[in-house]
S.K.: 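Next up is a structure, given as structure tokens.
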Amino acid sequence: MSFSRYNPEDSVISAESVVRAMWSGDAYTLSTFFTASGYTEYYTEVYNGNPSVSSSELQFDVQYGHIAGSGSVPINPSVRGYSPSRIIYGQYRNLVYGTETENFSFNNGTTTANQIYIINIARSRYKQSIQPGSLNLTLKSGSATIQLTDDSNTTSLTRFIGENRVFYIISGSNGNAYTSSAATSPYYGIMLPDLGFIVLDASGSLTPYIQAANLTTSSAQYNQNKLFTSISASVSGSGTGFQLQSNETVSARYFFTRVKNSEFNYTTNPSIIDANGNLLYSTLINNPQTFITTVGMYNDNNELLAVAKLSKPLVKDFTKEALIRIKLDY
């Protein structure tokens, strides 16, 4: 077996961005919403079909957090305020701001949001990140309806909180504000595409479109379901449901396999010779040729690492040269 060594210039690395619909089945719009029975005060999982059916898949979950622990039952009756809603608020505050002292603030930083709703996209759905400009989320409560999007197309700046990109949630569609005033105030929340979740202000600005949270602590309130109700109600009437796309950077390495005219013209297949070592096909004596179907890639120890298959056999003889491009995705 003969080998041909790759030179440094025979290989190049490339990266490309792949944008796909977010939901199962490559669906851009999620218009059917189902929850599993037995949800907790911490979260409610949302599926694209009846969870009891095996074909249904988890799409996202919704959560509710309160800075002081209101709206959920204390975990320990002896420790006032230490409840699921307080844990959730603190968890996402730490994820976003990296501190336990910074509080959420959405309305141009003028007010503190004591309550938040979280839409946490299932990890298997958003791949590497949420695609900015693809968010269209309709909320409906009674006759009040609003469509939310991120402000990625209204600003030329890439904003960060800590090391995480952040986009503000505004009234609009496809990353664009409905009006110039909607592009700056009010901000209804934030989207962190690289972390895969959306935080919405539950303190007042969305009250017309989401039923107000019950802040009692004497019994479980499951306030996150108020957000779920507004999302699921959006598909009735003129609502678009929940539209979103994912983004993934796929790295690839290309190997350019160069076959010169004097190389690989003789087959090593033992079936072309008889028991005495004579060629069975006399035409190969003066006019040898081969059919390239596979390129094997080996390391310096002659260990096979990868195999590339051609779509059809490539005829090779002394009058032909070939350049085969091999792509390895990772």
Side-chain angles (χ1 to χ4, degrees), residues 33-47 51-52 56-107 109-126 139 141 161-164 166 169 187-192 194-207 209-233:
F33 305 92
F34 292 82
T35 62
S37 60
Y39 43 76
T40 73
E41 286 192 276
Y42 290 93
Y43 59 86
T44 296
E45 295 179 330
V46 181
Y47 296 78
S52 62
S56 299
E57 295 182 316
L58 176 66
Q59 307 299 301
F60 63 93
D61 64 51
V62 290
Q63 297 176 273
Y64 170 81
H66 192 281
I67 191 172
S70 299
S72 58
V73 179
I75 297 174
N76 185 341
S78 301
V79 183
R80 185 178 180 182
Y82 191 71
S83 67
S85 65
R86 182 176 179 178
I87 292 173
I88 291 169
Y89 190 99
Q91 173 190 2
Y92 284 93
R93 173 172 56 188
N94 196 39
L95 281 173
V96 175
Y97 299 105
T99 175
E100 296 181 358
T101 58
E102 184 78 15
N103 298 326
F104 282 99
S105 179
F106 304 113
N107 194 16
T110 59
T111 57
T112 297
N114 293 327
Q115 309 173 64
I116 58 173
Y117 288 112
I118 303 98
I119 301 175
N120 200 344
I121 308 300
R123 187 64 186 87
S124 59
R125 301 268 65 82
Y126 75 87
L139 302 178
S141 179
I161 296 180
E163 298 178 351
N164 300 307
V166 61
I169 303 300
Y187 292 139
Y188 297 101
I190 56 176
M191 181 180 78
L192 292 101
D194 301 317
L195 296 180
F197 62 81
I198 299 167
V199 183
L200 297 177
D201 184 6
S203 296
S205 60
L206 287 174
T207 299
Y209 317 103
I210 305 175
Q211 185 180 356
N214 191 327
L215 301 184
T216 184
T217 60
S218 59
S219 60
Q221 300 304 313
Y222 307 110
N223 282 312
Q224 71 271 16
N225 289 342
K226 293 178 170 59
L227 173 60
F228 168 75
T229 299
S230 293
I231 295 174
S232 59

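The structure displayed is predicted, hence computed values, not measured ones. Atoms considered below: every heavy atom in the structure, side chains included; atoms not considered: hydrogens, waters and symmetry mates.
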S.K.: Can Tyr92 and Asn120 be said to form a side-chain hydrogen bond (donor to acceptor under 3.5 Å, both in side chains), step by step?
M.R.: CA-CA 11 Å; Tyr92 284 93; Asn120 200 344; 2.9 Å; yes

S.K.: Is it the case that the ring center of Tyr64 lies less than 6.0 angstrom away from the ring center of Tyr43?
M.R.: no

S.K.: What heavy-atom pair brings Ser232 and Phe33 nearest, and what distance separates the two atoms?
M.R.: CA-CD1, 3.7 Å

S.K.: Please give me the minimum heavy-atom distance between Ile67 and Arg86, naming the atom from each residue.
M.R.: O-CG, 3.9 Å

S.K.: Give a yes or no on whether the backbone of Asn103 and the side-chain of Tyr89 come within a donor-acceptor separation of less than 3.5 Å.
M.R.: no

S.K.: Of the non-hydrogen atoms in Val79 and Pro74, which two are nearest, and what is the gap between them?
M.R.: O-CB, 4.0 Å

S.K.: Does any N or O in the side chain of Asn164 come within less than 3.5 Å of the main-chain N or O of Leu192, such that one atom is a donor and the other an acceptor?
M.R.: no

S.K.: Verify whether the ring centers belonging to Phe197 and Phe60 lie closer than 6.0 Å.
M.R.: no

S.K.: Can you find a side-chain donor-acceptor pair between Tyr47 and Gln59 that sits under 3.5 Å?
M.R.: no

S.K.: Measure the OG-CZ distance between Ser52 and Phe34 for me, rounded to the nearest 0.5 Å.
M.R.: 9.5 Å

S.K.: Could you state the interatomic distance from NZ (Lys226) to CD1 (Ile210), rounded to the nearest 0.5 Å?
M.R.: 11.0 Å

S.K.: About how many Å separate OG1 of Thr44 and CD of Gln63, when rounded to the nearest 0.5 Å?
M.R.: 9.0 Å

S.K.: Carefully, step by step, assess Ile118 and Ile88 under the rule side chain to side chain contact (heavy atoms under 4.5 Å, CB included).
M.R.: CA-CA 9 Å; Ile118 303 98; Ile88 291 169; 3.7 Å; yes

S.K.: Without swapping roles, check the side chain of Ser85 against the backbone of Ser70 for a donor-acceptor pair under 3.5 Å.
M.R.: yes

S.K.: Does any part of the side chain of Asp201, heavy atoms only, come nearer than 4.5 Å to the side chain of Tyr187, both counted from C-beta?
M.R.: no

S.K.: Quick check for you: to the nearest 0.5 Å, what is the distance between Met191 atom CE and Ile121 atom CD1?
M.R.: 9.5 Å

S.K.: Test of understanding: with ring pair (Phe, Tyr, Trp, His ring centres under 6.0 Å), list the residues that count as partners of Phe228, not counting sequence neighbours.
M.R.: none

S.K.: Using 0.5 Å steps for rounding, measure from the OG atom of Ser72 to the CG atom of Asn223.
M.R.: 8.0 Å

S.K.: Report the C-alpha distance between Arg125 and Glu57 in whole Å, list the side-chain angles of each, state the deciding distance to 0.1 Å, and finish with yes or no for side chain to side chain contact (heavy atoms under 4.5 Å, CB included).
M.R.: CA-CA 10 Å; Arg125 301 268 65 82; Glu57 295 182 316; 3.9 Å; yes

S.K.: Where is the tightest heavy-atom contact between Leu95 and Leu195, given as atom of each residue plus distance?
M.R.: O-CD1, 4.1 Å

S.K.: Is Leu200 close to Phe106 at the side-chain level, that is, under 4.5 Å between some pair of heavy atoms?
M.R.: no

S.K.: Supply the atom-to-atom distance Leu139 CG to Ile231 CD1, rounded to the nearest 0.5 angstrom.
M.R.: 6.0 Å

S.K.: Measure across Pro84 and Ile75 and return the closest heavy-atom pair with its distance rounded to 0.1 Å.
M.R.: CD-CG1, 4.1 Å

S.K.: Verify side chain to side chain contact (heavy atoms under 4.5 Å, CB included) between Ile119 and Leu227, making sure each step is shown before the conclusion.
M.R.: CA-CA 9 Å; Ile119 301 175; Leu227 173 60; 3.9 Å; yes

S.K.: Of the non-hydrogen atoms in Asp61 and Glu45, which two are nearest, and what is the gap between them?
M.R.: CB-CA, 3.9 Å

S.K.: Measure from the side-chain N and O atoms of Thr112 to the backbone N and O of Asn114, and report whether any donor-acceptor pair falls under 3.5 Å.
M.R.: no

S.K.: Does some side-chain heavy atom of Tyr188 sit less than 4.5 Å from a side-chain heavy atom of Ser205?
M.R.: yes

S.K.: Do Tyr39 and Tyr222 have ring centres separated by under 6.0 Å?
M.R.: yes

S.K.: Is Gln221 reaching over with its side chain to a backbone N or O of Gly71, donor-acceptor style, under 3.5 angstrom?
M.R.: no

S.K.: Do the side-chain N and O atoms of Gln115 and Ser203 include a donor-acceptor pair separated by under 3.5 angstrom?
M.R.: no

